[in-house]
Amino acid sequence: QTYLLVCLLQKFSLFSYFILFCMQMKMEASFGSTFPAVPQVAKAETNYKQHRRTPSSSSTLTYSARDDDDGMLPISTPRRSDSAISVRSLHSESNMSLRSTFSLHEEEEDTEPQVFAEQPSVKLCCQLCCSVFKDPVITTCGGSQPHTFCRRCALTSEKCPVDNSKLTVVVNNIAVAEQIGELFIHCKYGCRPAASGKPGAFEVDPLGCPFTIKLSTRKDHEVSCDYRPVRCPNNPNCPPLLTMNLEAHLKDCTFIGNQDTYETHLEVCKFEGLKEFLQQTDDRFHEMQVTLAQKDQDISFLRSMLGKLSEKLDQLEKNLELKFDVLDENQSKLSEDLMEFRRDASMLNDELSHINARLNMGILGSYDPQQIFKCKGTFVGHQGPVWCLCVYSTGDLLFSGSSDKSIKVWDTCTTYKCQKTLEGHDGIVLALCIQGNKLYSGSADCTIIVWDIQTLQKVNTIRAHDNPVCTLVSSHNMLFSGSLKAIKVWDIVGTELKLKKELTGLNHWVRALVASQNHLYSGSYQTIKDIIEYSIAVTNHHIVCGTYENLIHVWDIESKEQVRTLTGHVGTVYALAVISTPDQTKVFSASYDRSLRVWSMDNMICTQTLLRHQGSVTALAVSRGRLFSGAVDSTVKVRDSHNEFGDAAFKL
């Protein structure tokens, strides 16, 4: 009988639930005006989210209104006297049975912090406790539009505050419960007691959990929250810790306890299973350190070897560069020698052609071996190119001016050595001239210095031009100096020079001056004055001038008409000199092509080509049948057609 009674009660209970469910569906379709139905709140896509906090959020939390009619204060912890709201599960027992189900555990749950992220709608609040519904139920009051209250409010209140009718629980309001479950609240580990000090009032803790979660998933989150307080399992004396700090704390915290507590501790210790792995890791790490040290030694050895190889490579590069330099120098020297050989061969061919021409003309007598000039010696001592020469026949002295700013005095009769070096110019010595027993020197420093030949001392310095003095010549106790576009005429008065006149009208440097038979002949670049060009020489019957075009022009001194152009040089003709005898007249030409040529003015042919200089021949002087030539190779060579002295090198 008892069994049958139980079965009947179960069937009756199921039938009652079905009837209550149908009634609930009907009432949800039409809540009365006294307490209108609660609208469905849209469900959030996620169960919890992280809210932003500002410095002001540590004490107060501001909410925005959800509806136009919402005017409630911010929600805090559940209380009957303020706006805090909490929600609990629904039960469907009768009024009297539910009154006895409130337990101490439920009272403790009400004290849990509950702070909503946004202020709930007033439609989700109970009219009895003025808080968000907790376990909402539908009651019998309200007539055709039943009211909804919190279950505890409905069970603890005798009458409805709206129509003053008796409150009887009919069924759980599942729709409202689901909407309340979708509301977002702050994690209880992110809340703290309110600064106001009111019991049960909470606010957001800026140092706590930053997440907001759905009310329905609160328990799931708070169980695994990183801000949940825990106790240290190793030492009970350690202060409370946060879950997220526990692992770091356990690394430095030593277990304290007896054998029994140790065995119990091992059952929950997370690091016991890692001991073997950590030991293996330490062993492996030690092996790697040993290997790394060995590799470091190998790297150091390889670096030392690399340094030695780099040094050897640098040395090899230096040796190779040195060898290349030597090879380039040898190649350049060979090229120069080859060019000189070709030049000499060309000149020899020219000589042979001239000899054949003379043989055909029947004047072989001109090739008297005694008239062939030979190099008898070389004066060596200058440290730069020799630009000018001058002979003092009375004392058999030769003066040479050079780029080394000095004038050297050579003995050409007895010792064939340098007698003295005259120094006084600040520039290249470009011109020399002798008048009486005075030597005049012109330089790139724009001055003319007067030297006493007897004492070889400087006696005067004259600031002659505004530009370098290029050439000097004397005649009739007058000195003529050539420079840029000007020729100055000076009267020689003892050791003084008095400016007499300045000749202008030239358009370039005056390179050459010759005074002969009351005439002054001047030559400059691209200028003809008195039928003279670059380098000049005057014979008894002809005016001879050398040009930049490698030619020698011959002019008749009386008619001033050109009678011949002499060819043979392959460079600019820098200097000309004349040796005249009763029988014949010879003209010597010096050129950029490093050669000297001897020309017979009787038949206007080259009778000899002289080769010995290693640079351009720039200056010529003649005395007593001897020919002196200065060149860029810093030497002065002596040539003679007589065997007065043997071949020698006259050095400083």
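Counting begins at 1 with the first residue of the sequence. The shown structure was predicted, so the numbers you read here are calculated from the model rather than taken from an experiment.
One side chain, D593 or S595, offers a donor N or O that lies under 3.5 Å from an acceptor on the other.
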* Asked: Should D396 and R624 be marked as a salt bridge (Lys or Arg N to Asp or Glu O under 4.0 Å) after you check the CA-CA gap, both sets of side-chain angles, and the distance that decides it?
  -> CA-CA 9 Å; D396 290 319; R624 297 183 182 182; 2.9 Å; yes
* So S580 and V578, side chain to side chain contact (heavy atoms under 4.5 Å, CB included) or not? Walk me through it. -> CA-CA 6 Å; S580 296; V578 178; 3.5 Å; yes
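With sequence neighbours left out, R639 forms a side chain to side chain donor-acceptor pair (under 3.5 Å) with S629. Considering only residues two or more places apart in sequence or on other chains, S443 meets the side chain to side chain contact (heavy atoms under 4.5 Å, CB included) condition with H425, D445. Here C470 pairs with W509 under the side chain to side chain contact (heavy atoms under 4.5 Å, CB included) rule; sequence neighbours left out. For S474, the side chain to side chain donor-acceptor pair (under 3.5 Å) partners at least two apart in sequence or on another chain are Q435. With sequence neighbours excluded, the residues satisfying side chain to side chain contact (heavy atoms under 4.5 Å, CB included) with V632 are P385, S616, T618. In this structure, T291 has no side chain to side chain donor-acceptor pair (under 3.5 Å) partners at least two apart in sequence or on a different chain. Scanning for side chain to side chain contact (heavy atoms under 4.5 Å, CB included) contacts around S481 gives I448, H465, V469, L472, K488, W490, with sequence neighbours left out.
Listed for the K405 side chain is no donor-acceptor partner under 3.5 Å among the backbone atoms of S402. For R597 (side chain) and G568 (main-chain N/O), a donor-acceptor pair under 3.5 Å exists by modelled atom type. Judged by distance alone, the side chain of S535 and the main-chain N or O of V573 form a donor-acceptor pair under 3.5 Å. Although no hydrogens or angles enter the test, the distance criterion places a donor-acceptor pair under 3.5 Å between the side chain of T539 and the main chain of H542. Using modelled atom types, one side-chain atom of S634 and one backbone atom of G384 make a donor-acceptor pair closer than 3.5 Å. The backbone N or O of R626 lies less than 3.5 Å from no partner atom in the side chain of S623, so there is not a single donor-acceptor pair. No donor-acceptor distance shorter than 3.5 angstrom exists from the side chain of T447 to the backbone of T461, with no hydrogens or angles considered.
Counting only residues at least two apart or on different chains, the side-chain hydrogen bond (donor to acceptor under 3.5 Å, both in side chains) pairs with a member in residues 312-324 are Q315-N319. Pairs of residues two or more places apart, or lying in two chains, that qualify as ring pair (Phe, Tyr, Trp, His ring centres under 6.0 Å) and include a residue from residues 564-596 are F373-F588. Within the structure, the side-chain hydrogen bond (donor to acceptor under 3.5 Å, both in side chains) test picks out no pair touching residues 330-344 (sequence neighbours left out). Listed by first and then second residue, the salt bridge (charged side-chain N to carboxylate O under 4.0 Å, His left out) pairs involving residues 286-301 are R284-E287 (not counting sequence neighbours).
Few gaps surround CD on Q289; more than 12 heavy atoms of other groups in view lie less than 6.0 Å from it. The environment of M288 atom CE is sparse: at most 12 non-hydrogen atoms of other residues, nucleotides or ligands sit within 6.0 angstrom.
Residues P468 and A444 come closest through the heavy atom pair CB-CA, 3.6 Å. Nearest heavy atom pair, residue V636 against residue S400, reads CG2-CB, 4.3 Å.
Here the straight-line distance linking atom NZ of K485 with atom CG of D466 works out to 13.0 Å at 0.5 Å rounding.
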Which atom pairs, donor and acceptor, lie under 3.5 Å between side-chain atoms of residues 491-503 and protein residues at least two apart or in another chain?
from, atom 1, to, atom 2, distance (Å)
E496, OE1, N460, ND2, 3.2

